[in-house]
Visitor: 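Dropping a structure here in C-alpha cells format, bear with me for questions.
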Amino acid sequence: MANVHQFDVVVVGAGGAGLMAGLYASRTAKTAVISKLYPTRSHTGAAQGGISAALGNYEEDKPEWHMYDTVKGSDYLGDQDAIEFMCNEAIDAVLELEHMGLPFDRTPEGKISQRPFGGHTNNETGKPVRRAAHAADRTGHMILQTLYQQCLKNKVNFFDEYQVLDFIMVNGRAAGVVAVELATGELHTIHAKAVVFATGGHGRIFEVTSNAYAYTGDGAAILLRRGIPLEDMEFFQFHPTGIYKLGILITEGVRGEGGVLLNGNGERFMPKYAPTVKDLASRDVVSRAIYTEIKEGRGINGSNYVYLDIRPESVNKYAAVDGRTNPDGSPYTITADTVLKKIPDIVDFCRVYLGVDPVTQVMPIQPTAHYTMGGIPTNKYGEVVIDDRNTIFPGLYAAGECACVSVHGANRLGTNSLLDIVVFGKHAGLKAAEYAQSADFETLPGEVEADARSAFEALRNGSKKENAFDLSNELKKVMFDDVGIYRSEKGMAEALDKVRELKERFKDVGVTDTGKIFNTELLNAWELGNLLDIAETVAMSALNRKESRGGHSREDYPERDDGSWLKHTLIAQKDGKLEISYKPVVITKHQPKARVY
Amino acid sequence: MEVTVKIFRYNPEKDQRGNYVTYKVEAHENDRVLDVLEYIKGKEDGTLSFRRSCAHGICGSDAMRINGRNMLACKVLIRDVGTNITVEPLLGLKISKDLIVDMEPFFDNYKKVLPYFINDSPLPEDGRERLQSPEERARFDETTKCILCAACTTSCPSYWANGEYYGPAAIVTAHRFIFDSRDEAAGERLQILAETDGVARCHTAYNCTEACPREIKITRAIGEVKMAMTTGKLD
Amino acid sequence: MGLKRDVSLSAGLRYKGPAGYLTFILHRIGGLGMGVFIAVHILAAFIGGRTGGFLNGIYENWAFQIFIFFCVLFHAINGLRITILDLWPKLQDYQTEAIWVEWAVFIPLYAVSVYVILSTALGG
Amino acid sequence: MTTKSRRLSIKDRGLTNFEAVMWIFTRLSALAIYGLILAGLIGALVMGARNNMNFADVMRWAFMPNVTHVQSTDLQDLDPWASPFWKLTASALLLVAAAHGIHGLVVIADDYIASKSGRNFIRLLSIVFLLAMSGMGLWLIWTS
Ligand SMILES: Cc1cc2nc3c(=O)[nH]c(=O)nc-3n(C[C@H](O)[C@H](O)[C@H](O)COP(=O)(O)OP(=O)(O)OC[C@H]3O[C@@H](n4cnc5c(N)ncnc54)[C@H](O)[C@@H]3O)c2cc1C
Ligand code: HEM
Ligand code: SF4
Ligand code: F3S
Ligand code: FES
C-alpha cells in the first residue's frame, strides 16, 4: 500500500473539538488532524451566541449554579459527574481561549463581556444571569479561527480535505483510520495508536436545519458500522428561532439582548409558558411553545411561523414590563445602534436572506433542527465507553457534537456546546496522547482499505434506478415531519419504515461521475448512506422511548417518566440489525424534579 | 421562474481546457445560487463539482465568480443576480475541477504573515484575562470577521499578475493582530508586509473590498497597515 | 493535474470590478503614457536633428495631445485622490464618493482642455 | 482601565525596506509635483502669461518650466523665464518626476515579475534609466 502514514494520535475532524484535541495531543505525541473540510470551514464557525462560564464579570455567578442549570436544562438526563467537571473547568477554559488571543468583547473595565442566555440563571433569584462570554455574534467563528491559528503556531500536522471513511480496529483496540484524499481520490491509511473522533453532528437528516451540508454524522455512522453503540440518539435539539423556511439560525443572543417572540395576534406569548424567564426559557420549552401557538392557529396569518422582534421600541417596552435593569440598576434600554453592534451578523442574515431589516421590522422565524445531543458514548475524559458498565474501548476517543458525554442529556443549554468542545476536546487530546505514550502500534491486517473501497465500488456500480438527491430530500422531509419537535407512535413508526425503505432504495443509487479527482458526487452519496444509518437509529431510539423529556416530546406520552425512563439509550448494530440497551444516568447532587422556568 | 445558468466546466481527467455548459432550471427568486447549483448537481448532472458547507455565508467554502464578480454562492439570491447567471471558478488559482480551485497557495500566503496571537509576556498574576478596553477591542473588530473565503485575493489584479503577492486576505489577518493591543509581534508582521510582495503590491483597486462577503473594508484595513508602517503608530 | 494558474488580460478585464478598478487601470495607463512620453520627449530634444524632429513631430499631432493630456490630467487628479485616501485611511470608507468627486472634477476640466486643443489645432 | 499607546521604531516596523520607503516616496513626490506645477502656474501668470500665451503653452510651462517651452510664444522678454530660479525649479521637477515615474515602472514590473533575479534586473535597469533621463534632462535645462 502506497499511502500509509503513521502517527501516535490521529484526530478526525478539525472543528473546535478536533483542533483542541490536536493542539493538546501534539504537545507530547506525533499527531495528525484530518478534516474533510479546510479546518476554518468547520461548523464551529457558525456558532454565534457565546460560550458559557461562571466568570462573574458583571454579576455574581458560580460554577455550582452553572452545573444546576445544566442539569435542569438536560431534563435530568445529563450525567452529573461530567456536568460538574465541565462547569468547573469552564472558567479556565474560557480564560485559556483569551490567553490564546481570542478577541472577546469587553466590559468597561476591560474584562471579558458576558450576556444572558436561555436557561442560565442566578439560582437564588431565578433571574437570568450573564454567563455567555461572547465575541459579537460570531463567538464560534473566533474560537475556530483562534484554535486553528494556535495549531499553525504549534505546527500541528493537517490533512486538509481528506475524508475519513472507516475506522480500523485490531484486537479490540484502535489502530487508525482509512481516508480518501479529495483532490486525488486516492485512499490513505493512517496508522495510529489512538484515534479521536470529532466529526460534528448530523442535523442534515432534517429538512429545516441550521446545520451545514457537511453535518452528515460521518463519525457516528462509521463507528456504528464497526459495532460501537450510539447513545441517546432520540434527543435532537430544535432551536426555536431559525429563519423561516431556510433554517438559518438566529441566535438566542437576540432574546438575550431583549428580543421577544410574538404570535399572529401580535401578543408576546412566552410569559404563558415560562412565567419567570419568559423568552429566555430553555430551547425545548420555547420550540414547543412556538409549535403550540402555531397548532392552535396563532401563527402569523395562521401559517407555520411566528415573529421575533428586536426593534428597539419593542425591546424597551417589554424590558420595562419585566423590570429588567442594567448592572448599575438603571432601567435596561437599547437603541438601533445596540442592535447593529451586538448582533451584526444576524442583521446581515436578515437583510440578505429575508430582505428584512431587524432594526425596523420583525423577523419571521420557525424552529429549526439544530443540535445533536446524542452520539458516541464517552466518559468525561473523552474515552469512548461501549456498554452500560462504561467499559473503555482502548485507544478510541470522541469529543464535540459527535460525542455524548453526556453533559447535555435530553436538552442542551445554549452556549454549553462551545464549552463542551473546548473542555472535552482538550481532555480527549490529552488522554489520547497519554495512551499513545504507553501503547504500541497494532500490526495492520492485510487489506484495511477493503471495506471503504467496496463501499465506493457499490456506489459506482449501482443500478442508477434511484437518485441520491431525491432520496435525501424524502429522508429529510419524513424526519422533520414525524421525528421532529412533536412525535407520536404512529408518525415515528411510519418514519422508521420509510427510512428502512429508503435504505433499501439506496442500494440502487449509482454515481454518474467516474472520475477520481474531487468526485463530490461519490462522497455525497456516501454521506447519504451515513444519514440513512443515523436516521434509523434516531427514529428507532425515539420510537422506543415512551415519555417526553427535553428535546424528545411525544404527543402520546406528554409527561416525563423518571420511574421507567431515567436512563440513557444505547443503540448498536449487531448482525446487521439495530439493538437497544440502556445505561444508568449518573446522579450526584441534584435529584430530578419538575422543570419549570 | 426559469433561470439560465451558464457554468464553467472542466474535468481534469478528460479535458484539455474548460468549456461552458448551459442549464435551464426552475427556481424561486428567493433561492440562493447555491440551491440552484445543488439542484443541477442533484437532478441534471451529478458530475458538477463545487465546494460548500454551511449554506449561509459563514464557512467560506463557496466563493466563485458569479456574473463576473466574486461572491459566495450561498449568500446571493436569484433576485439579486437575475435569471441569466454565469458561474465560473475564482481567478488566479489553479482550477482543480469545475468550480473547485486549488486553495493551497492561498493558505500558504495566509501562513506567511504569522497569523496567530503572539504574546510571550507573563500572564496576569491572578490567571485571569488580559485586560483590553472596549475601544481597543473595537480597533480591530472589522478584520476579525474574515472567513478566509479568498473572494478578495482572487479579485485583486495584483494577485492575478503575480501569485507571490500575499494578497488582501493575508493582510486582513495581519491587521487583526497588528492592531490587537494584547499582541506583541506587530513589528515582525509589518516587516514581513514591508517586503516586495507585501502591501506595496496593493494599488487600491478596491475589487477586494467590493468582493468581500463579510463586508470588511479591506482597502481601508490595508491602508491602515501601510500607515502603521509609515508612522509606527498602532493605536 | 488541473488547469494552470493563468489570468489572461481579457479575463482580468472582464472582471466586473467596481469604479475603483477602472480608475486603477486608467491610472496605470496614464502613468505609463506620461512616462513614455517624457522619456521620448527628453531623448528627442537631446539628440535633436532629424530623428529628434520626427519624434517631436508626433506630439504636435492633436490626437496625440488629446491622449497625452488625458494621461496627465487623469493621473494627476486620481493620484491626488489616492494620496489623500492613503494618508488618511479612514477616508477609504468614502472611496465610492471620492471617485464620484474625482470624475466630477476631471470631466469638465478635460472637456475644456480638449476643446482648447481642438480649437488651436483646427483653428490655426 | 488605562490604555498604553503603542509605537514602533523605523527598523521595527520595516521602514528600512526599499518598497516601504518608495511607497511613501511615491505619495510625497506626487504632492511635490503638485507644488512645483502650482509654482510654475503662478510664476507664469505673474510674468505675464495671460496676454502672450495660450492654454497649451501655459500647461507646457507648468509641467516643465524650461525656457524652450515658451520660445514659440508671443512673449517679448524671455530673460525672467530663463532665470536660475526657474532652472532650479525645472531641475527639481525633473528629478522628482523621473524618480516617481521610473519607480512607477518598477512597481508595474514587480507586479508581473516575481523572480528575485528578474526584479533585481529591473531595478538595475531603472537606475540606469533614471541616471540617463536625469542627465539628459539636466543638460537640456541648463544649456538652453
Ligand atoms: C448556527 C449554529 C449556532 C450555534 N451557536 C452556538 C452557540 O452560540 N453556543 C454554543 O455553545 N454552541 C453553538 N452551536 C453548537 C456548536 O457550534 C457546535 O455544536 C460545535 O461547534 C460542534 O463542534 P465540533 O468540533 O464538534 O464539530 P465541527 O466544528 O462541526 O467540526 C466537525 C469537523 O469534522 C470534520 N469531519 C466531519 N466528517 C468527517 C470525515 N468523514 N472525515 C474527516 N473529517 C470529517 C469536518 O471537516 C469538521 O472539521 C451552534 C451551532 C450552529 C449550527
Ligand atoms: C500631479 C502629478 C502626479 C501625481 C499626483 C501622481 C500620483 C501617483 C500616485 C499616488 C501613484 C501611486 C499609485 C499606486 O500606488 O497605486 C502614482 C504612480 C505612478 N505614477 Fe504618478 N503621479 C504624478 C505624476 C506622474 C508623472 C509625471 C509620471 C511619469 C513620469 C508618473 C508616473 C507614474 C507611474 C508610472 C506610476 C505607477 C502606476 C501604477 O503603479 O499603476 N506620475 N502616481
Ligand atoms: S477578507 Fe473578506 S473576501 Fe477576503 S477572505 Fe476574508 S472574508 Fe473572504
Ligand atoms: S483589489 Fe488588490 S490592489 Fe489592493 S485594494 Fe484590493 S488588494
Ligand atoms: S457554503 Fe459556507 S460560505 Fe457558502
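Just so we're on the same page: letters track the sequence lines, and every chain starts at 1.
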Visitor: Do the side-chain N and O atoms of A:S210 and A:H370 include a donor-acceptor pair separated by under 3.5 angstrom?
Guide: yes

Visitor: Chain A heavy atoms under 4.5 Å from B:N30: which part of the residue, side chain, backbone, both or neither?
Guide: neither

Visitor: Answer yes or no: is there a donor N or O on one side and an acceptor on the other, between the side chain of A:N211 and the main chain of A:R204, under 3.5 Å?
Guide: no

Visitor: Please classify the contact of B:Y39 with chain A as side chain, backbone, both or neither, using a heavy-atom distance under 4.5 Å.
Guide: both

Visitor: In terms of heavy-atom pairs under 4.5 Å, which option from B:R176, B:E215, B:E38, B:M103 contacts chain A the most?
Guide: B:E38

Visitor: For A:I112, is it the side chain, the backbone, both, or neither that has a heavy atom closer than 4.5 Å to a heavy atom of chain B?
Guide: both

Visitor: Say whether, by atom type as modelled, one donor and one acceptor occur between the side chain of B:N119 and the main chain of B:R182 under 3.5 angstrom.
Guide: yes

Visitor: Can you tell me how far the CG atom of A:L95 sits from the CG atom of B:L123, to the nearest 0.5 Å?
Guide: 9.5 Å

Visitor: Quick check on A:L249 against chain B: is it the side chain, the backbone, both or neither that has a heavy atom closer than 4.5 Å?
Guide: neither

Visitor: When rounded to the nearest 0.5 angstrom, what distance separates CZ in B:R32 from SG in B:C74?
Guide: 7.0 Å

Visitor: Start with the C-alpha gap between A:K36 and B:S53, add the side-chain angles, then the distance that decides, and say whether side-chain hydrogen bond (donor to acceptor under 3.5 Å, both in side chains) holds.
Guide: CA-CA 11 Å; A:K36 67 176 174 181; B:S53 182; over 6 Å; no

Visitor: Using a 4.5 angstrom heavy-atom cutoff, name the option from B:D183, B:V76, B:D141 with the most pairs to chain A.
Guide: B:D141

Visitor: Tell me which of these, A:L37, A:D348, A:D92, has more heavy-atom pairs under 4.5 Å with chain B than the rest.
Guide: A:D348

Visitor: Only pairs of heavy atoms separated by less than 4.5 Å count here; which of A:A212, A:G515, A:A46, A:P103 has the most with chain B?
Guide: A:P103

Visitor: Count the heavy-atom pairs under 4.5 Å between each of A:H43, A:E521, A:Q145, A:E161 and chain B, then report the option with the highest count.
Guide: A:E521

Visitor: Given a strict heavy-atom distance threshold of 4.5 Å, which part of A:A214 is in contact with chain B: side chain, backbone, both, or neither?
Guide: both

Visitor: If you count heavy-atom pairs under 4.5 Å between each of A:F349, A:F104, A:Y353, A:Y148 and chain B, which one has the most?
Guide: A:Y353

Visitor: Heavy-atom distance under 4.5 Å to chain A: side chain of B:K111, backbone, both or neither?
Guide: side chain

Visitor: Between chain B and each of A:N519, A:T514, A:D470, A:T146, count heavy-atom pairs under 4.5 Å; write down the option with the most.
Guide: A:D470

